[in-house]
Every structure is written in C-alpha cells, then in structure tokens.
Amino acid sequence: MAKAKAKKAAPAKSMKKKVPAPKASVKAASKRPAAAAKAKTNGKLPTYDQLPVRAGAPKGAAWGVFGDQDEVGTINLMTPARVKAAAATIKTGKVFSLNLPINIPDPPLFTRQPHRHHIKIFPELTFVLDDYLDNFYPQASSQWDALCHVKHPVFGAYNGIPDSEITGRGGTRLGIDNLARRGIAGRGVLADIGRYHEKIGKSIEFAKPTTIPLEDLDATLKAQKTKVLPGDILLIRIGWTKFYLGASQQLKEELARDTVVPGIEGTERTARWLWDHHVAAVASDSPALEPLPTSGQDWLHFYLLAFFGTPIGEMWNLESLADDCAADKRYEFFITSAPLNVPGGVGSPPNALAIK
C-alpha cells in the first residue's frame, strides 16, 4: 500500500467538490434528425459516436435511448434475461457485503457532518428499544449517486428533464426512489486495479488527486481475464478503502477539511469506454470515482449522471470481495443492491451484496 504524506490543512471553503468549468462548445446540441439516428443503430443500442438519438440533445447524450420519460438510465440494461443468466455466476454461495459502516469516513468528507444515533427506551416497556438518526447524510459513506445528484451546468439533467421537475428544484424526479422501486440485481465484475498495480510495482499517492489512466483499467481486466458484458455493474477497486482504514487520525481529519482523492481518469474517452461496454452502473472504493479536485475540462459525473443516466457508486467496501476474487481467480458474481426508498432522494447507502 502506498503511503500518503500528510498535507497542510486547507481553509474550510476548499472542502467542497471542485469541478471543472463547463465548455458549452465541446458538447453542442445535435441537429441530427432523431429518426435518422435511430435508423443508424439498426435497432441495437447506439454506440457513443451514434449519440444522441434525440434531435436537439447534447452530443454524446443518451437522452431518449430508454424512452423520453425514463428516470433509471442504463439500469434498464439489467433485463430479466440478463438477471437470470447472472445467477449462473453463483458457484460457492459466499456472500460479501460491500458497505462500509455509516460512520466511515470519520470525520466525513465533502463538508458532510457526522450523524447522531439515538436509542429510545420506553419507560413502561423497558424490554423494547427503538432508535433514530439525526443529521444523517445518505452519501457520507458507501453510496449511490442518484441521477439528480449532478446535472450538466449547460445542458441540464438526464433525459432533458427540466429543473422545475427535479428533486430539490421544484419537483421530485430523478430521485433515488426510482432505483429503489425498481431494485438492482444482476451480474457484477470487479476490476482490481489496486492489486494489479501491486503486481507491476506501481503505487498511488492516495492523498493526492492521482489520475489512474484508462489503460490501467483495460490492463487490469486483461490480466484478470475478465470480460465486461452488457448490463454489468462494474466495480473498480483502486485500494482507497485499505489506505483510509490504515491512515492516521491526523490524516483523516486533514482529508475531511480538504478532501483530495484519486480515481479513474475522468475524461470523455473513459465515458466513451463505459458507454460502449454498455455497463448498467459503475462503483468504486474511491470517494468520487474520479480524481478530485480536477484540473481538466471534463468531469465524468457529467457524462454518467446527466448524459447516460448511469448511477455512480462511491466509497464501496470491496476489500473482502477482492481478496476472494484474487484467491479463486473469479472476478464475476451476482450483485444485488436495495437503495433507500426516499422519495426524491439525492443518494443512498447501496445496501449491496456480492454473491459468488
């Protein structure tokens, strides 16, 4: 595990996620007739270069691919047939929880605050307990980002849904409840980049916004002999959880004051790769999937959440699963996730399980 050097604490205002200023010219709205675009795909899911299929949508946006009123995006790729086929990946019956305790990271990152857990004792029913949470941030630990979490600053939210209909902005659309009502189950695959880096002698500075190039993802999958299939949930382990759990309290407090994290390359070519592999969702042990702060003009969240409708998982605990995959050389499994059914919610703990 690479050792991160402690950094001088930055002012509180630097705690927020730092994202690039958008370039409107990079993603101009398409003038391609929708009927012609659909015809070009021959009834199959369009490639990235064939997007958009809806006239007037931004270049590279999958708006309308799953229907003009859709609110779950690429989760639609987890069809009943694919879910049934994914059951064949269960060989041993081993179950792995992919969720950190809700109080980790501690202190929380990105200006979030710790929750308060209260135990209630009934005076006349002392054999009964109840409890409740105050100040609970659903994205403070292992999480899904709902599609409403990030909109493109120029082109707006997924599927062109107007601000007035989006949760927190006048409506309740694109909330985490859409995924909760549908449910998430199917084939998952792990790309253990952290372990691949150890094998080739490469290290990451986890307290810096280190960019892991797309080539490392490809090389990891090739070394594992792992194939990503349409409708898969791709889990990317970079080793952040292992680093964080072994870090000093001083470093954890510094990261809370000035959150700096590494991640997979957050560029258009990564977005293209994910779309053309037709993944249903992507999750990582990194707090942001991609590096933050970023110095480039691209931000993967814009592509995945606002353009594709691809849910992003962050801070997932992949350690035990990764150890087992390395032991038996099988990096595929059945995965389930039941987000909290919070109407209009912006995020949720994933409540995710991998079954091998």
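Owing to the predicted nature of the structure, the values given are computational and were not obtained by experimental measurement. Every heavy atom of this structure was used, including side-chain atoms; hydrogens, water molecules and symmetry mates were not.
- Looking at Q250 and S248, their side chains never bring a donor and an acceptor atom within 3.5 Å of each other.
- The pair D328-K91 does not meet the salt-bridge criterion, since no charged nitrogen lies less than 4.0 angstrom from a carboxylate oxygen.
- Nearest heavy atoms, P350 versus N99: CG-OD1, 3.2 Å.
- The residues E332 and R187 are annotated as salt-bridged, a charged nitrogen and a carboxylate oxygen being separated by less than 4.0 angstrom.
- Taking 4.0 Å as the cut-off between side-chain N and carboxylate O, R272 and D276 do not count as a salt-bridged pair.
- With contacts defined as side-chain heavy-atom distances shorter than 4.5 Å, the pair T310/I312 does not qualify.
- Residues D68 and G64 share a closest heavy-atom pair of OD1-CA, 3.6 Å.
- Inter-residue side-chain proximity for T74 and L274 is flagged as unmet; no heavy-atom pair is nearer than 4.5 Å.
- Among all heavy-atom pairs drawn from S141 and P105, the shortest one is CA-CD, 4.2 Å.
- Counting only N and O atoms by type, the side chains of Q139 and D145 include a donor and acceptor under 3.5 Å apart.
- In terms of heavy-atom proximity, I184 sits nearest to M78 at CG2-SD, 3.9 Å.
- Aromatic ring centres of W316 and W144 lie closer together than 6.0 Å.
- Proximity of the aromatic rings of W275 and F308 is defined here by a centroid distance below 6.0 angstrom, and this criterion is met.
- No side-chain N or O of Y244 forms a donor-acceptor pair with one of D285 less than 3.5 Å apart.
- Classification of R195 and D323 as a salt-bridged pair holds, one side-chain N sitting under 4.0 Å from a carboxylate O.
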